[in-house]
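All heavy atoms count here, side chains included; hydrogens, waters and symmetry mates do not.
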Amino acid sequence: MVGYKSDVGIKRKFNEDSFGYFEDDSYSIYVVADGMGGHNAGEVASEMAVSEVIKFVNDNINEFCDNVLEEAIKKVNSNIYNYSASDKKLKGMGTTITACLCYNNKVIVANVGDSSCFGVKDDIVYKLTKDHSLVQQLLDAGSISETEAMNHPNKNIITRAVGTSENVEVDIFKFELNEYDKYLICSDGLTNEVTIDEMNNILKREKNNKLACEYLVDEANKNGGRDNITVMLFGGEII
């Protein structure tokens, strides 16, 4: 059973994160998107991304199978890009996205931007995606340490997003369904405020997916709550 929680945070006035999921007997999909842009454009972009990716998967999973997530995100990228070009108020809007598709005993993860997916195995949290961000590039180059990355002044600068250009490159990761006990997807409002050690402590203590999401959001707000926070957690038993 899926748990989820989305919160505006302490510093922001509006929540530009969106999330959604679909579950049936043959497959399930979970999506988190973190919008950006002036006025309400970020909210528009993230809502489009979530709803249209889920719809595309539902309509086309039998045709594209394991590639359906990548095709869905490329399609929604084109739709957001064209829609933003049609209205000056929406110009430049875009969104990050992280999506998980459970299908044919696999978990297929798609990622663009700095929203994240984690796997939980034996109460230990592992990051499965890699951020498309300036800070990640500096980390990869060895220019900064993990500690410096947590408080870097440019940590909000992303290098890849959905809807900001005509084409998008989508990172795809594939896992066996039972390779991890649970999977967690979230916006950077969580990862910028809550360390993996803090996630470990919460998820080890709380096995109920819904309550675990609430505690994760509470922890992010306790640590500053500088951004919108969205968390989805699925898999494992509910106690």
Side-chain angles (χ1 to χ4, degrees), residues 1-12 15 17-23 28-34 50 96-102 105-109 111 113-131 133 135-136 139 145-152 155-156 173 175-239:
M1 185 178 293
V2 61
Y4 49 85
K5 175 81 172 179
S6 188
D7 189 83
V8 69
I10 294 173
K11 303 294 185 181
R12 299 293 179 91
N15 192 346
D17 287 358
S18 297
F19 71 94
Y21 68 97
F22 173 86
E23 298 176 321
S28 54
I29 179 171
Y30 310 87
V31 188
V32 167
D34 179 358
V50 170
T96 71
I97 193 166
T98 296
C100 294
L101 173 66
C102 301
N105 291 315
K106 297 177 184 175
V107 174
I108 303 163
V109 180
N111 181 58
D114 61 356
S115 293
S116 304
C117 177
F118 296 85
V120 185
K121 185 70 172 179
D122 298 327
D123 293 324
I124 299 175
V125 177
Y126 301 89
K127 188 167 184 178
L128 305 181
T129 53
K130 194 168 188 177
D131 294 347
S133 67
V135 165
Q136 186 63 57
L139 273 170
S145 67
E146 291 281 355
T147 302
E148 290 171 322
M150 281 295 294
N151 298 296
H152 198 280
K155 67 188 304 180
N156 63 328
F173 308 86
F175 307 93
E176 296 300 317
L177 183 62
N178 61 356
E179 193 167 338
Y180 294 92
D181 302 322
K182 296 185 180 185
Y183 293 85
L184 182 152
I185 57 176
C186 63
S187 61
D188 69 329
L190 181 75
T191 52
N192 284 344
E193 304 288 8
V194 180
T195 67
I196 286 186
D197 285 344
E198 289 169 329
M199 292 183 202
N200 278 330
N201 291 335
I202 291 170
L203 295 178
K204 186 174 183 178
R205 182 177 73 244
E206 182 51 69
K207 302 303 182 184
N208 181 286
N209 289 351
K210 182 178 185 297
L211 290 176
C213 289
E214 292 179 1
Y215 290 138
L216 287 166
V217 170
D218 288 346
E219 188 74 10
N221 280 326
K222 186 181 78 173
N223 292 347
R226 291 168 289 185
D227 200 355
N228 308 145
I229 311 145
T230 300
V231 183
M232 298 187 76
L233 180 65
F234 61 94
E237 295 183 354
I238 302 299
I239 297 176

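- Side chain of Asp131 to backbone of Ser133: no donor-acceptor contact under 3.5 angstrom is found.
- In terms of heavy-atom proximity, Thr191 sits nearest to Ser116 at CG2-OG, 4.0 Å.
- Checked by atom type and distance alone, the side chain of Asn209 pairs as donor or acceptor with a backbone atom of Gly235 at under 3.5 Å.
- The shortest side-chain heavy-atom distance between Leu177 and Cys102 falls under the 4.5 Å cut-off.
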Would Lys127 and Leu184 satisfy side-chain contact (heavy atoms from CB on, under 4.5 Å), going step by step from the backbone distance to the final call? CA-CA 9 Å; Lys127 188 167 184 178; Leu184 182 152; over 6 Å; no
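- In terms of heavy atoms, Asn111 sits closest to Thr129 at CB-CG2, 3.8 Å.
- Of all heavy-atom pairs spanning Arg226 and Asn192, the tightest one is NH2-O, 3.6 Å.
- For Glu219 (side chain) and Leu216 (main-chain N/O), no donor-acceptor pair under 3.5 Å exists by modelled atom type.
- Using bins of under 30°, 30° to 60° and over 60° for the plane-to-plane angle, the ring pair Tyr30/Tyr21 lands in the parallel bin.
- Looking at Asn208, its side chain does come within 3.5 Å of a backbone N or O of Leu211 through a donor-acceptor pair.
- A salt bridge links Asp227 with Arg12: the closest approach of a Lys/Arg side-chain nitrogen to an acidic carboxylate oxygen falls below 4.0 angstrom.
- With rounding to the nearest 0.5 angstrom, the CG atom of Asn15 is 4.0 Å from the CG atom of Asn228.
- Qualifying side-chain hydrogen bond (donor to acceptor under 3.5 Å, both in side chains) partners for Glu198, counting only residues two or more places apart in sequence or in other chains: Thr195, Asn223.
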Would you please test Leu190 and Met199 for side-chain contact (heavy atoms from CB on, under 4.5 Å) and show each step? CA-CA 10 Å; Leu190 181 75; Met199 292 183 202; 4.0 Å; yes
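- Pairing each heavy atom of Cys117 with each of Cys100, the nearest pair is SG-SG, 3.7 Å.
- Applying the 6.0 Å contact sphere to CZ of Phe118 captures more than 12 heavy atoms from other residues, nucleotides or ligands.
- Taken to the nearest 0.5 Å, the SG atom of Cys186 stands 15.5 Å off from the NZ atom of Lys5.
- Classified by interplanar angle (parallel below 30°, tilted 30° to 60°, perpendicular above 60°), the ring pair Tyr183/Phe175 is tilted.
- A donor and an acceptor atom, one from each side chain of Thr230 and Ser6, are located under 3.5 Å apart.
- Around NZ of Lys11, the count of heavy atoms belonging to other residues, nucleotides or ligands within 6.0 Å does not exceed 12.
- Between the side chain of Glu193 and the backbone N or O of Asn221, no donor-acceptor pair lies under 3.5 Å.
- Nearest heavy-atom pair across Val50 and Ala33 is CG2-CB, 3.9 Å.
- The shortest side-chain heavy-atom distance between Tyr180 and Val107 does not fall under the 4.5 Å cut-off.
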Stepwise side-chain contact (heavy atoms from CB on, under 4.5 Å) test for Val231 and Ile229: CA-CA 7 Å; Val231 183; Ile229 311 145; 4.3 Å; yes
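- The backbone N or O of Asp122 sits less than 3.5 Å from a side-chain atom of Asp181, completing a donor-acceptor pair.
- With rounding to the nearest 0.5 Å, the separation of CZ in Arg205 from CG in Asn200 is 11.5 Å.
- A donor-acceptor contact shorter than 3.5 Å is absent between the side chain of Asp34 and the backbone of Ser187.
- Under 3.5 Å, the side chains of Asp114 and Thr96 contain no donor-acceptor pair of N or O atoms.
- Nearest heavy-atom pair, Val125 versus Val120, reported as atom, atom and distance to 0.1 Å: CG2-CG2, 4.2 Å.
- Within the 4.5 Å cutoff, no side-chain heavy atoms of Leu233 are placed close to those of Tyr4.
- The environment of Lys121 atom NZ is dense: over 12 non-hydrogen atoms of other residues, nucleotides or ligands sit within 6.0 angstrom.
- At a threshold of 4.5 Å between non-hydrogen side-chain atoms, the residues Ile202 and Tyr215 count as touching.
- Listed for the Thr98 side chain is no donor-acceptor partner under 3.5 Å among the backbone atoms of Val32.
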